[in-house]
*Asks:* 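Have a look at the structure that comes next, please.
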Amino acid sequence: MSSRSHLLNDRTAEHYRRSLTAGVERVAKKIAQADRPFTGVTPSQLAPAVSDVDLEEPLSDPAAALDELEKVYLRDAVYFHHPRYLAHLNCPVVIPAVLGEAVISAVNSSLDTWDQSAGGTLIERRLIKWTADRIGLGRASDGIFTSGGTQSNLQALLLARDEACRLVEKNSATPLRKPEILPRLRILTSECSHFSVEKAATLLGLGSEAVISVPCDQDRKMRTSALTAELERCEREDLVVMAVVATAGTTDFGSIDPLPEIADLCEQAGTWMHVDAAYGCGLLVSRRRHLLTGIERADSVTVDYHKSFFQPVSSSALLVRDEAALRHVTYHADYLNPARMAEKRIPNQVDKSIQTTRRFDALKLWMTLRIMGADGVGELFDEVVDRAADAWRLLSDDPRFEVVTKPQLSTLVFRYLPPSPAGQSLTDEVNLHAREALFASGEAVVASTVVDGRHYLKFTLLNPETSLSDIATVLDLIAEHSGRFLSERHGMPGRANSSAAASAGLDGHEPLRSRAS
Ligand SMILES: *Cc1c(COP(=O)(O)O)cnc(C)c1O
């Protein structure tokens, strides 16, 4: 086959159709057959399969490449659609969005300028407006799709930084330059906020002391009394609080900071309020919308559709209350988006983005809303939040485990408790071991985290197909791995065999339910 036959164009439509169909068939088969979320393969076991591929020797034939792909990727991938994948904020994806994804890469619009996207730009703008309206940001709101929450947070803080600098310069009696202001800038955020806030501060040229960590209460929400104290301290020390970052759904606990109180404090202090709703944005379409009350007062909001809107990676957005704030990322290039285009009101989205060439991720959300609707998405998210509440009850009634907080969203942070006093000194080790052993078995994938210096396990539920019985099964597996670790390596008793499923009176509980066919 000539190289040109691989180009997608008017003469290769049939080749395109056949290739894609063959790929879709493979993935469909794989997804239907996955009887566990992971094979448990180790990096050293899998590495040769990848390194042995001779990149100088193409296979030419798509079928042969798909056969090879089976070995280097599909066979051992981690499958988020499996109900026992309970680890990170990865969702099973909705089919309308996957359909959108196929269209995105075939048409390959780039959303930087109107002359590279046309309708794509209008669709993105419509969805930004739709999201801003759901938040309640008001008529002057605007925003932009981004690659993820990390980028959305970075851009929000960039805008906040430049607004703060502008205000300081304006209010200063003597002329000040930006490099003189930067060292005085501070960001206040809770100790449970996402690490991308710190990363953004570094990228924005702020010092390592720029991010001040505000303590949380027992429910892992920002303590507003502590926030007040920090705001006052910064004022006394002539520091400029450029932003308060509230989290609406912390990554570990799903806890939502007290948004109305934080909004009041930001208003009094004249400080930019950013809400990181990367995780909690699904509430915008759920029957629990009230949990986000106060978000409408934010200056900027991060949403990750690729978390609680069941969209494929990547799909995220930054929304701002005042469209004028986006001018801080507006630069003009003669070849791309000269200022005269803005004067002619030609909608060039690059004027609002920190990226240039940019994917048309908005199309996935568009297809989702047009096929299943916002309520459909909200229903799915509500289901996992309901499930987390049930699982919390299951865990709190189970003497084998200790659970940290009652979830507001869909995460559960807990740990296995060794039964004997001697075993208790091994609690951290046992829990670390249980996660690793479970991962190596591939039977389930769970996460681990550290709370108050101790190791815990974490479930992040984002799959409505995960039943309470799946959760009970995974708890039993964790208890088994833990018990075996204590008895085999340390000669200590594990817990007597009790089953979470049995004690919860769950019907139809079978260990390791296979989902094949
Ligand atoms: C996931 C997450 C982020 C980062 O988002 P990415 O899309 O992974 O870049 C930021 N903040 C919170 C609260 C998150 O949960």
Side-chain angles (χ1 to χ4, degrees), residues 78 80 85-91 93 97 131 135 143-158 160 187-204 211 213-214 216 219-222 243-259 262 273-284 291-292 294-295 298 300-319 353-355 358-359 361-362 364-365 381 384-385 388 405 407-413 447-449 458-462:
V78 177
F80 301 155
Y85 177 83
L86 305 171
H88 303 288
L89 276 165
N90 309 110
C91 52
V93 293
T131 308
I135 297 171
I144 193 78
F145 270 70
T146 70
S147 63
T150 302
Q151 193 189 344
S152 297
N153 284 345
L154 170 64
Q155 183 169 352
L157 291 171
L158 186 157
I187 299 165
L188 304 184
T189 191
S190 97
E191 57 184 333
C192 295
S193 69
H194 195 263
F195 71 95
S196 55
V197 174
E198 264 182 84
K199 210 185 228 186
T202 306
L203 290 168
L204 293 171
V211 180
S213 177
V214 181
C216 285
D219 294 330
R220 313 286 154 176
K221 300 175 182 183
M222 191 194 283
V244 172
V245 178
T247 314
T250 58
T251 314
D252 268 351
F253 304 100
S255 46
I256 299 170
D257 286 339
L259 303 177
I262 293 173
M273 175 182 176
H274 176 63
V275 177
D276 179 358
Y279 175 12
C281 59
L283 294 173
L284 292 171
L291 291 177
L292 290 179
I295 196 172
S300 57
V301 177
T302 288
V303 297
D304 261 2
Y305 307 106
H306 62 213
K307 286 176 179 166
S308 46
F309 273 70
F310 305 93
Q311 300 293 294
V313 177
S314 60
S315 183
S316 174
L318 169 69
L319 293 310
S353 176
I354 57 179
Q355 288 172 263
R358 194 163 52 85
R359 286 169 54 83
D361 287 317
K364 295 179 283 194
L365 179 59
F381 190 54
V384 296
V385 178
T405 55
Q408 253 186 315
L409 296 180
S410 64
T411 63
L412 289 155
V413 179
S448 63
T449 192
K458 178 168 94 161
F459 289 161
T460 306
L461 307 184
L462 272 185

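Counting starts at 1 for both ligands and their atoms, in listed order.
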*Asks:* Applying salt bridge (Lys or Arg N to Asp or Glu O under 4.0 Å), which residue pairs with at least one partner in residues 148-157 are found, sequence neighbours left out?
*Replies:*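 Sorted pair list comes back empty.
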*Asks:* Check side chain to side chain donor-acceptor pair (under 3.5 Å) between T247 and all other residues, then give those that pass, not counting sequence neighbours.
*Replies:*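 Partners of T247 by the side chain to side chain donor-acceptor pair (under 3.5 Å) criterion come out as none, since no residue qualifies.
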*Asks:* Using every non-hydrogen atom in the two residues, find where I295 and A277 come nearest and quote the distance to one decimal.
*Replies:*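 Scanning both residues, the minimum pair turns out to be CD1-CB, 4.2 Å.
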*Asks:* Tell me every residue that passes salt bridge (Lys or Arg N to Asp or Glu O under 4.0 Å) with D257, counting only those two or more places apart in sequence or in another chain.
*Replies:*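 Testing D257 for salt bridge (Lys or Arg N to Asp or Glu O under 4.0 Å), a comparison that skips the adjacent residues, returns none.
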*Asks:* Return the minimal non-hydrogen interatomic distance between T150 and H194, and the atom names on each side.
*Replies:*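 Closest approach of T150 to H194, heavy atoms only: OG1-CE1, 4.4 Å.
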*Asks:* Should the pair Y85 and H88 be assigned to parallel (<30°), tilted (30 to 60°) or perpendicular (>60°) ring geometry?
*Replies:*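 Because their plane-to-plane angle lies in the 30° to 60° range, the rings of Y85 and H88 count as tilted.
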*Asks:* Show me a pair-per-line table, with atom names and distances to 0.1 Å, of protein N or O atoms that are under 3.5 Å from an N or O of ligand 1.
*Replies:*
unit_1   : atom_1 : unit_2 : atom_2 : d
ligand 1 : 5 (O)  : G149   : N      : 3.3
ligand 1 : 5 (O)  : D304   : OD2    : 3.2
ligand 1 : 5 (O)  : K307   : NZ     : 3.4
ligand 1 : 7 (O)  : G149   : N      : 2.8
ligand 1 : 7 (O)  : D304   : OD2    : 2.7
ligand 1 : 7 (O)  : H306   : NE2    : 2.8
ligand 1 : 9 (O)  : G149   : N      : 3.2
ligand 1 : 9 (O)  : T150   : N      : 2.8
ligand 1 : 9 (O)  : T150   : OG1    : 2.6
ligand 1 : 11 (N) : D276   : OD1    : 3.3
ligand 1 : 11 (N) : D276   : OD2    : 2.6
ligand 1 : 15 (O) : T251   : OG1    : 2.9
ligand 1 : 15 (O) : K307   : NZ     : 3.0

